[in-house]
**Q** 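Let me give you the structure first, and then I'll get to my questions.
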Amino acid sequence: MSFTADCLLLFGATGDLAQRMLLPSLCALDADDLVAPDLRIVGTARQPLDDEGYRAFAREALEKFLPEDRQPAIEGFLQRLYYQPLDANETGHFADLAAKVGPTEQGLSIFLSTAPSLFGPTIAGLVASGLAGENVRIGLEKPLGTDLGTSRLINDAVSAAFPEDRIFRIDHYLGKETVQNLLALRFANLLFEPLWNAAHIDHVQITVGETVGLEGRVGFYDGAGALRDMVQNHMLQLLALVAMEPPSNFNATAVRDEKVKVLRSLRVVGRDEAVTGQYRAGAIGGKAVPGYDEELGKDSDTETFVAIKAHVDNWRWQGVPFYLRTGKRLYKRVTEIVVQFRPVPHSIFAGRGARSQPNKLIIGIQPEENVSLSLMAKVPGLDRGGLRLREVPLDIAMDDAFAGPKNRIAYERLLLDLIEGDQTLFVRRDEVEAQWEWIDAIRESWGEHGITPKSYTAGSWGPSAAIALAERDGVTWHE
Ligand code: BG6
């Protein structure tokens, strides 16, 4: 379906995501003339506002969340905004919404971020009011269900109204520049691919560490937990990009065909291959922070940390563990992928007493975007006391390498692709379902074995059992 929408309909237009991410992203795209001059943006939510009221609301959000140098663009951008209040349970409201949106022949893109219970009524309302026609595509923000069953219900409801090529499931990690760069690194260079397999790679580590806690998302987070909030989507997408076979093209079908094969090859996680944790009071950056239960205001068994030893059961990755870990209130905010290569088969320097370390590729995704390859080099000197080798990094800081182009936030990319209709960076239904299948089996095993989160101090790297999970294999987490 290739058309560029001339209207963007934002559900959840007064929500946190809209304020922090969507409005600032759209304003930035507008400022750089990346959207058509006649693109209209219609916001909808329950709040009873009119166009002017919503513009005032958006101005406040933009002044707060848009970088200083972008602020001059705000006034012009606000003129694109319109608003229609809507209660998704009131069928009649959708007719008013359709009237506000106007004809959809020229293309409409919908961004739907709503409570799971409102998916059904919202889709039904869109269909009844003629907002699900041929030239309409829909972007879906998570959470899309809480397990395979509920995710299927949502997907069934959406696909009864929209074909798969007009459904855009959002995983905002795919909008991150460095995540896309993983593909460039792997498939635009000859260097890595011949070594990218079990013969040469010992293991892979994927860490997504956060220092924030609940951030006021009490209702949502306590019902979700780290496994469903972070591993089911973002971490499995990262794993799939690291492990997939080379697609024949950089297009939606080829890329997603390869990712889903990886997701379907994930081995069921063994009882001893997952560790869960929940933070107790501690300190982050020298500042005292409360424990999870205190933030929540009640006792809870929800995990705020999870570490998993995963396996991809195919030829390329047989015997190569993928260690995944993510958590709230960890020591620092960092997302990185570490590819640990195997040692050289024979060290010619051993006879001279020199020790050599296996190479390591570190792909930093955030906050710093960099790629670092550790290489062995000879320590300069005449070697009278013996030859010495030392690890030296070959470092590329993306900010330095590309000082010119602007750093775009993930939603700028994804909103633009949604408006223009490119699905490459969106998740297909079969991927989501393979992800849930694997996650559900982990949760079932926790239930069966009565596994509850171990506590860890806020500001640490999680429970000691997570360290042991890797150490048992002689692996140390990269920190
Ligand atoms: C969201 C999760 O999907 O990703 C949040 O719901 C998490 O809990 C966030 O904080 C992390 O995103 P980022 O882009 O800050 O790494």
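In this chain, residues are counted from 1 in sequence order. As the structure is a computational prediction, the values presented were derived from the model and not from experiment.
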**Q** Does a side-chain heavy-atom distance below 4.5 Å link Pro393 with Ser374?
**A**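 They are not in contact (no side-chain heavy atoms under 4.5 Å apart), so the answer is no.
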**Q** Below 6.0 angstrom between ring centroids: does that apply to Tyr323 and His203?
**A**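 Yes - the distance between ring centres of Tyr323 and His203 falls below the 6.0 Å cut-off.
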**Q** Tell me the salt bridge (Lys or Arg N to Asp or Glu O under 4.0 Å) pairs involving residues 3-19, sequence neighbours left out?
**A**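 Residue pairs passing salt bridge (Lys or Arg N to Asp or Glu O under 4.0 Å), neighbours aside: Asp16-Arg20.
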**Q** Holding to side-chain hydrogen bond (donor to acceptor under 3.5 Å, both in side chains), I want the full list of residues that pass it with Lys360, two or more places apart in sequence or in another chain.
**A**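 Lys360: no side-chain hydrogen bond (donor to acceptor under 3.5 Å, both in side chains) contacts found.
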**Q** Please list all pairs meeting side-chain hydrogen bond (donor to acceptor under 3.5 Å, both in side chains) that have one or both residues in residues 219-230, counting only residues at least two apart or in different chains.
**A**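 Listed once each, the pairs are Lys142-Asp229, Asp222-Tyr292, Asp222-Ser300, Asp222-Thr302.
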**Q** Is there a donor-acceptor contact under 3.5 Å linking the side chains of Glu420 and Thr4?
**A**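 Glu420 vs Thr4: no donor-acceptor pair found between side chains.
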**Q** Passes side chain to side chain donor-acceptor pair (under 3.5 Å), Tyr456 versus Thr304? Steps please.
**A** CA-CA 10 Å; Tyr456 63 93; Thr304 61; 2.8 Å; yes
**Q** For Glu431, what residues pass the salt bridge (charged side-chain N to carboxylate O under 4.0 Å, His left out) criterion, not counting sequence neighbours?
**A**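 So Glu431 forms a salt bridge (charged side-chain N to carboxylate O under 4.0 Å, His left out) with Lys259.
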**Q** Name all residues meeting the side-chain hydrogen bond (donor to acceptor under 3.5 Å, both in side chains) criterion together with Arg55; count only those two or more places apart in sequence or in a different chain, and write none if there are none.
**A**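 For Arg55, the residues satisfying side-chain hydrogen bond (donor to acceptor under 3.5 Å, both in side chains) (neighbours in sequence not counted) are Glu52.
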**Q** May I have all residue pairs that pass side-chain hydrogen bond (donor to acceptor under 3.5 Å, both in side chains) and include part of residues 58-67, sequence neighbours excluded?
**A**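 For residues 58-67: Arg59-Glu75.
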**Q** Which heavy atom of Ala13 sits nearest to which heavy atom of Ala18, and what is that distance?
**A**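 Smallest heavy-atom distance, with atoms named: O-CB, 3.4 Å.
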**Q** Taking all atoms of both residues into account, what is the closest heavy-atom pair of Arg166 and Gln423, and its distance?
**A**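 Residues Arg166 and Gln423, closest heavy atoms: N-NE2, 4.1 Å.
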**Q** Answer yes if the side chains of Asn251 and Thr253 hold a donor-acceptor pair under 3.5 Å, and no otherwise.
**A**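 No, because no side-chain N or O of Asn251 sits under 3.5 Å from a partner of the opposite role on Thr253.
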**Q** Side chain to side chain contact (heavy atoms under 4.5 Å, CB included) with Glu295: which residues, sequence neighbours excluded?
**A**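 Applying side chain to side chain contact (heavy atoms under 4.5 Å, CB included) to Glu295 gives Leu214, Tyr279, Pro290, Arg329.
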**Q** Can you pull the side-chain hydrogen bond (donor to acceptor under 3.5 Å, both in side chains) pairs that have at least one residue in residues 103-120, sequence neighbours excluded?
**A**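 Of all non-adjacent pairs touching residues 103-120, those that pass side-chain hydrogen bond (donor to acceptor under 3.5 Å, both in side chains) are Ser109-Arg137.
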**Q** Please report the shortest heavy-atom distance between Phe3 and Leu108, naming the atom on each side.
**A**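 That would be CE1-N, 4.0 Å.
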**Q** Just do the salt bridge (Lys or Arg N to Asp or Glu O under 4.0 Å) check on Lys100 and Asp96 with the steps written out, would you?
**A** CA-CA 6 Å; Lys100 190 84 185 189; Asp96 298 337; over 6 Å; no
**Q** Please list, chain by chain and in numerical order, all residues satisfying side chain to side chain contact (heavy atoms under 4.5 Å, CB included) with Ala307, sequence neighbours excluded.
**A**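 Ala307 satisfies side chain to side chain contact (heavy atoms under 4.5 Å, CB included) with Val275, Phe305, Arg325, Ala466, Leu469, Trp477 only.
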**Q** Examine the side chains of Asp147 and Thr150 and answer whether a donor and an acceptor come within less than 3.5 Å of each other.
**A**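 Note: Asp147 and Thr150 side chains meet the donor-acceptor criterion.
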**Q** Please check if the number of heavy atoms outside Tyr331 that lie under 6.0 Å from its OH is greater than 12.
**A**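 12 or below, so no.
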**Q** Quick one: side-chain hydrogen bond (donor to acceptor under 3.5 Å, both in side chains) partners of Asp301, sequence neighbours excluded?
**A**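 side-chain hydrogen bond (donor to acceptor under 3.5 Å, both in side chains) check on Asp301 returns nothing, list empty.
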**Q** Tell me every residue that passes salt bridge (charged side-chain N to carboxylate O under 4.0 Å, His left out) with Arg256, counting only those two or more places apart in sequence or in another chain.
**A**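 Partners of Arg256 by the salt bridge (charged side-chain N to carboxylate O under 4.0 Å, His left out) criterion come out as none, since no residue qualifies.
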**Q** Against the six-membered ring of Tyr82, is Arg40 placed for a cation-pi contact (under 6.0 Å from the centre, within 45° of the normal)?
**A**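 Because its charged atom sits under 6.0 Å from the ring centre and within 45° of the axis, Arg40 does stack over Tyr82.
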**Q** For Gln19, give me all partners under side-chain hydrogen bond (donor to acceptor under 3.5 Å, both in side chains), at least two apart in sequence or on another chain.
**A**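 Testing Gln19 for side-chain hydrogen bond (donor to acceptor under 3.5 Å, both in side chains), a comparison that skips the adjacent residues, returns none.
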**Q** Can you see which heavy atom on Leu62 is nearest to which on Cys27, and at what distance?
**A**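 The pair with the smallest heavy-atom distance is CD2-CB, 3.9 Å.
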**Q** With salt bridge (Lys or Arg N to Asp or Glu O under 4.0 Å) as the criterion, how do Asp32 and Arg408 come out once you've worked through the C-alpha distance, each side chain's angles and the decisive distance to 0.1 Å?
**A** CA-CA 11 Å; Asp32 292 338; Arg408 302 272 175 194; 2.7 Å; yes
